[in-house]
Amino acid sequence: GASEFILKGNVAAMGNKDAVDVWCDERYIYVAYRDGLFCYAFDGSAFTELAATEEKKGAGLQAVWGDGTHIQVADTVYGVSAYLFDGFSLTEQASVTPPDAAVDVWSDGAYIYVATSLYSAGNGLSAYSIQGSEFIPQGRLDTPTDNDVGAVWGDGTYIYLAHAESGVRA
């Protein structure tokens, strides 16, 4: 039979902030709101805000992912940023603006994969590495006939790119 879900705690949306994505590591919960990245601790009943970054205003944040070193966010307005979190503050280490609006991000720890979409020639998938404070382009798959690229994910062998019109590519 199906199990019941039991609500243990929540963080309410704040003002005009819409929570659009969440990712967690073994210690912290990272929430992408439309206009900022927030980091929380959760003790089983209450969330405690530890850090936030809102220096980039724009209501374009779409996704958050971490790879054990960096916390990456995809933003349709500002591109992709990689943050470091030391338990107290989020510090932007690097950022890049891909050919079109960044709608999703995933990393395998070696590369950061960015899904881009905005109904134009920039639809597709970009791969980057980080060296120092720079994103270094590693590859690009353009999908100009596929509108509405929506998500990227990998399994250690393949990278999957979801499209509203043509399904999933590996």
Side-chain angles (χ1 to χ4, degrees), residues 1-98 101-117 126-135 149-162 168:
S3 297
E4 277 190 45
F5 288 101
I6 300 170
L7 179 64
K8 295 302 230 172
N10 72 300
V11 175
M14 297 174 282
N16 64 353
K17 296 182 189 323
D18 297 327
V20 294
D21 200 13
V22 62
W23 180 81
C24 60
D25 57 21
E26 295 172 3
R27 296 183 59 183
Y28 305 110
I29 298 100
Y30 303 90
V31 180
Y33 291 93
R34 288 272 182 225
D35 60 356
L37 174 64
F38 285 69
C39 179
Y40 298 95
F42 183 65
D43 66 6
S45 63
F47 285 87
T48 303
E49 182 181 317
L50 302 174
T53 179
E54 295 184 82
E55 72 276 3
K56 295 180 176 180
K57 302 288 185 183
L61 211 59
Q62 297 291 313
V64 59
W65 179 261
D67 61 17
T69 302
H70 300 97
I71 308 303
Q72 299 98 19
V73 294
D75 188 304
T76 58
V77 177
Y78 294 102
V80 179
S81 296
Y83 292 90
L84 298 172
F85 182 62
D86 62 5
F88 302 100
S89 62
L90 288 159
T91 304
E92 184 178 64
Q93 181 178 356
S95 65
V96 66
T97 303
V103 296
D104 198 16
V105 61
W106 181 81
S107 175
D108 61 6
Y111 299 104
I112 298 166
Y113 300 92
V114 181
T116 59
S117 181
S126 295
Y128 300 93
S129 61
I130 293 180
Q131 293 179 6
S133 62
E134 307 245 348
F135 273 83
V149 171
V152 60
W153 192 267
D155 64 8
T157 302
Y158 299 102
I159 306 301
Y160 304 96
L161 188 64
V168 177

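Not measured: the values here are computed from a predicted model.
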Any heavy-atom pair between the side chains of [Y] and [X] that's under 4.5 Å?
| X | Y | answer |
| --- | --- | --- |
| Ile130 | His70 | yes |
| Val73 | Tyr78 | no |
| Ile159 | Val152 | yes |

Closest approach of [X] to [Y] (non-hydrogen atoms, all atoms of both residues):
| X | Y | value |
| --- | --- | --- |
| Ser129 | Ala110 | CB-O, 4.0 Å |
| Glu49 | Tyr40 | CA-CD2, 3.5 Å |
| Gln62 | Ala102 | CG-O, 3.9 Å |
| Leu61 | Gly36 | CD2-O, 3.3 Å |
| Trp106 | Asp108 | CH2-CB, 3.5 Å |
| Gly150 | Val103 | O-CG2, 4.1 Å |

Donor-acceptor pair, Asp18 side chain versus Arg34 backbone, under 3.5 Å?
no
Sub-3.5 Å donor-acceptor pair from the side chain of Gln93 to the main-chain atoms of Gly132, do we have one?
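Indeed, once roles are kept as given, a pair shorter than 3.5 Å links the two residues.
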Using the side-chain contact (heavy atoms from CB on, under 4.5 Å) definition, which of the options Asp104, Ile71, Val105 pairs with Trp65?
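Among the candidates, only Val105 passes.
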Gap separating the [atom1] atom of [X] from the [atom2] atom of [Y], nearest 0.5 angstrom:
| X | Y | atom1 | atom2 | value |
| --- | --- | --- | --- | --- |
| Ser89 | Leu84 | OG | CG | 9.5 Å |
| Leu37 | Tyr83 | CG | OH | 6.5 Å |
| Phe88 | Cys39 | CZ | SG | 11.5 Å |
| Asp67 | Tyr111 | CG | OH | 13.0 Å |

Run Ile29 and Val22 through side chain to side chain contact (heavy atoms under 4.5 Å, CB included) and show every step you take.
CA-CA 7 Å; Ile29 298 100; Val22 62; 3.6 Å; yes
For atom CZ of Phe85, is the number of surrounding heavy atoms from other residues, nucleotides or ligands below 6.0 Å larger than 12?
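Yes, enclosed.
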Fit a plane to each ring of Phe42 and Phe47, take the angle between them on a 0 to 90° scale, and name the class: parallel (under 30°), tilted (30 to 60°) or perpendicular (over 60°).
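Correct class here is tilted.
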Assert yes or no for the condition that the ring centre distance of Trp23 to Tyr30 is strictly below 6.0 Å.
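So the answer is yes for these two rings.
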